[in-house]
Amino acid sequence: MFAESLDLPVGSSQPLASLSALACDPAHSRGRRFAEAPAPTRNAFQRDRDRIVHSTAFRRLVYKTQVFLNHEGDLFRTRLTHSLEVAQLGRSIARALGLNEDLVEAVALAHDLGHTPFGHAGQDTLNECMAEHGGFEHNLQSLRVVDRLEERYPAFDGLNLSFETREGVLKHCSRTNAEHLEQTEPGGVGRRFIDRTKPSLEAQLCNLADAIAYNAHDIDDGVRSGLISIEQLLQVELFAHYHQQTLTEHPGLSEKPRRLLYETIRRMLSDQVYDVIDTTRQAVFQAGVGSLEEARQAGPLVAFSPSMKARSGELKKFLFAQLYRHPQVMHTTGQAQQVVRELFDAYVAQPAEMSADFAANADLHRSVADYIAGMTDRFALREHERLTGRKLL
């Protein structure tokens, strides 16, 4: 099991000597959609990670919005830097829990491959455009990218990743889409959304590491942008606690606000990581599970403690109200939505304006959605200007 089985103190971040019995073992992977001989020097999950890193979709993340558009500043997070931060946090937690670090890294690096340009604004607009044609889910789109849209190998479409990595990528899925996946892949990655079972602990961990990273880096970017202030953040318990703790130990940092902010965020991140480790160990012990399959049936096991969940939730609500809904961000969001909507309409009316592979697809609306979802922010803006003659953003 976890730390208790090796007599490690609760809260210790010491790496475990071997995989937990609850971890995904690459030697017992459920395999790939298309059979391939094992790699001589890498296990299945390491191979997945490498394929993701070398994919076109991964490189595009460097010019895809997190909160602030790429042209708004050189130091704001992008989808790429966010994915790297999720992978770092995920590996740190996985190492302490004896989970598979390679799988966690692969899932973390792939989880945003299906995101549209312009962040959630682009995703929501594309979903509206596709309302009568099956809708658009960015998690499902990430699966489409690794299963179908990447074109790198002669024998198959996509990256042909292992089941466990694909399962982690698809962290949310509607019942309708899950049933469709089940028809094309019986017992596959869509099945758990029908059976209401849970994914691997590595997949659960990536989902939580995603949320931890989001909150932390959006504080940094929000303050850097000038849209939120330290004074506002001090009204949020989670931030205020570590800010005061830092000032108590390092009073001289009151004259160095940037360094004070970094140290506050670092402490906040560290304690959230330790909280997840301790809470997950307790949950596993209380559930009495001893295998990966038992863990899948036990409900969510990787989690915050109730108090940390509440404090993290308060911070998330603050960021939603004060940063994501800030008038300046909302103005940019509205323009981004206009770009996506007008691109969609233009390509549906004139499919030949897309690249040839997409224009030739029989399912026109889905092909347009795939084409737009694969764009970077700046390519979408260039295409919009080319097709409409108007320059936005």
Side-chain angles (χ1 to χ4, degrees), residues 1-31 43-45 48 86-87 89-108 111 139 161-173 178 182 187-212 272-310 312:
M1 302 232 292
F2 289 146
E4 289 80 3
S5 64
L6 297 179
D7 297 324
L8 293 177
V10 172
S12 168
S13 58
Q14 178 183 350
L16 298 181
S18 60
L19 286 179
S20 159
L22 309 186
C24 288
D25 185 345
H28 297 100
S29 168
R30 287 179 53 175
N43 68 45
F45 305 148
D48 287 351
V86 174
L89 286 168
R91 290 199 70 140
S92 295
I93 299 171
R95 190 177 308 124
L97 293 174
L99 299 179
N100 194 296
E101 291 185 55
D102 296 322
L103 176 57
V104 167
E105 184 175 31
V107 172
H111 82 283
N139 285 129
L161 304 181
S162 66
F163 170 88
E164 291 78 10
T165 300
R166 294 171 62 238
E167 175 189 51
V169 167
L170 191 65
K171 62 182 184 180
H172 305 298
C173 186
E182 181 65 14
V189 294
R191 186 71 197 177
R192 71 180 180 86
F193 298 99
I194 299 171
D195 291 346
R196 298 186 180 278
T197 55
K198 296 299 176 183
S200 68
L201 297 189
E202 286 86 354
Q204 294 180 41
L205 169 53
C206 284
N207 197 17
L208 197 54
D210 187 19
I212 295 172
Q272 287 181 93
V273 165
Y274 300 145
D275 181 89
V276 171
I277 293 168
D278 294 346
T279 303
T280 302
R281 286 172 174 161
Q282 278 189 334
V284 167
F285 178 76
Q286 291 171 359
V289 294
S291 70
L292 172 58
E293 289 310 312
E294 288 180 359
R296 290 179 183 276
Q297 301 293 327
L301 295 173
V302 182
F304 283 133
S305 65
S307 61
M308 184 63 79
K309 181 179 180 180
S312 176

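Basis for what follows: all heavy atoms, side chains included, without hydrogens, waters or symmetry-related copies.
Separating the CG atom in L292 from the CG atom in L201 is a distance of 7.0 Å, to the nearest 0.5 Å. The distance from the OG atom of S92 to the CD1 atom of I212 is 10.5 Å, given to the nearest 0.5 Å. Distance CG/L170 to CZ/R192: 6.5 Å, rounded to 0.5 Å.
Using a 4.5 Å heavy-atom cutoff, the side chains of E293 and R296 are in contact. Looking at S20 and L97, their side chains never come closer than 4.5 Å, going by heavy atoms from C-beta outward. Residues T279 and F304 have side chains not in contact (no heavy-atom distance under 4.5 Å, counting atoms from C-beta outward).
Under a 3.5 Å cut-off, the side chain of D102 and the backbone N or O of F45 do not form any donor-acceptor pair. The backbone N or O of N100 lies less than 3.5 Å from a partner atom in the side chain of E202, making a donor-acceptor pair. A side-chain donor-acceptor contact under 3.5 Å links E294 to the backbone of G290.
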Point to revise | Full working for side-chain contact (heavy atoms from CB on, under 4.5 Å) between V104 and I93 | key: CA-CA 10 Å; V104 167; I93 299 171; over 6 Å; no

Review point. Under the side-chain contact (heavy atoms from CB on, under 4.5 Å) criterion, do E164 and S200 qualify, and how do the steps go?
Key: CA-CA 8 Å; E164 291 78 10; S200 68; 5.7 Å; no

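Considering only residues two or more places apart in sequence or on other chains, K171 meets the side chain to side chain contact (heavy atoms under 4.5 Å, CB included) condition with H111, N139, N207, D210. Taking the side chain to side chain donor-acceptor pair (under 3.5 Å) definition, one finds that Q204 meets it with nothing, sequence neighbours left out. Annotation: side chain to side chain donor-acceptor pair (under 3.5 Å) contacts of R91 (sequence neighbours excluded): E101, E105.
Looking at V107, L99, L103 one by one, the single match for side chain to side chain contact (heavy atoms under 4.5 Å, CB included) with L205 turns out to be L99.
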